[in-house]
Structure formats: C-alpha cells, structure tokens
Amino acid sequence: SPRAGRSKRSSASMPSLTLEEYVYEPSEDTYLLMDALDKDRERLGECKRGITMEIGSGSGVVSKHLIDLLPHPVLHFATDLNPSAAKATRALA
C-alpha cells in the first residue's frame, strides 16, 4: 500500500521532458512540493506582484508549476549549480 502522505501526482501528469544526463529528474519530493504549492493556490492567487526564486531547480518542473499557479506575472529566478539543469529549467519555465 502507498505510504501515508505520498503524493498522488504521477509522471503522466508531468510535462514531457528530455533531460540531459546528470539533471535531477522529477521524483517524489518534486511532486510533494508541487502538491504543497497547490494547497496554497488561493493564497498565492492573492499576490499581485512579486519575486519568486527556486534554488536547486533541477528539471525546472517546480518553477514551471509555480509560475503557472500565479495569476499575475512575477519576476522568477531559478538557480542550479549544474549548467545542464539550468538549461533544462530555462527551456521549461
């Protein structure tokens, strides 16, 4: 049986990604963070403007999800020590 608190999000609901070697692929922690953002959707919707940042963006899926949740444009920064991950994030988000 699935563990308690495990995200119900599946890879089927994720955008299609072609990742270079050594880029952190979306995993259970990714889906849990996205679920947490979904739970704060209403509160995030109250933001009229702002700046967001993801540190260790990996594939960029979380950055893309956050940007899609916000009703207004924001200045979004994403960073990763891995140049391939930064490239993947830029392509997706």
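Side-chain atoms are counted along with the backbone in the values below, which use heavy atoms only and exclude waters and symmetry mates.
- Residues passing the side chain to side chain donor-acceptor pair (under 3.5 Å) test with Thr79, sequence neighbours excluded: none.
- Rounding to the nearest 0.5 angstrom, the gap separating the OG1 atom in Thr52 from the CZ atom in Phe77 is 8.5 Å.
- Residues Thr89 and Ser57 approach most closely at OG1-OG, 2.8 Å, considering heavy atoms.
- In this structure, NZ in Lys87 is found 14.0 Å from CG in Leu92, a value given to the nearest 0.5 Å.
- Residues Lys64 and Asp68 are paired through a salt bridge, judged by an N-O separation under 4.0 Å between the basic side chain and the carboxylate.
- Heavy atoms of other residues, nucleotides or ligands lying less than 6.0 angstrom from CG of Leu81 number 12 at most.
- When all heavy atoms of Leu37 and Leu44 are compared, the closest pair comes out as O-CD1, 3.8 Å.
- Scanning all heavy atoms of the two residues, the minimum distance from Val62 to Leu33 falls at CG1-CD2, 3.6 Å.
- When all heavy atoms are compared, the tightest approach of Gly58 to Asp80 is N-OD2, 2.9 Å.
- Annotation for Glu54 and His76: closest pair N-CE1, 4.1 Å, computed over non-hydrogen atoms.
- With rounding to the nearest 0.5 angstrom, the CG atom of Leu70 is 10.0 Å from the NE2 atom of His65.
- Under the rule for a side chain to side chain donor-acceptor pair (under 3.5 Å), Asp40 has no partner lying at least two apart in sequence or in another chain.
- Residue Leu66 is grouped with residue Val74 when hydrophobic side chains (ILVMFWY) are merged at heavy-atom distances under 4.5 angstrom, including chains of intermediate members.
- Minimum interatomic distance between Val23 and Ala85 (heavy atoms only, all atoms of both residues): CG2-N, 3.7 Å.
- Distance check, rounded to the nearest 0.5 Å: CG of Asn82 to OH of Tyr24 gives 13.5 Å.
- Among residues two or more places apart in sequence or in another chain, the salt bridge (charged side-chain N to carboxylate O under 4.0 Å, His left out) test is passed with Arg41 by Asp38.
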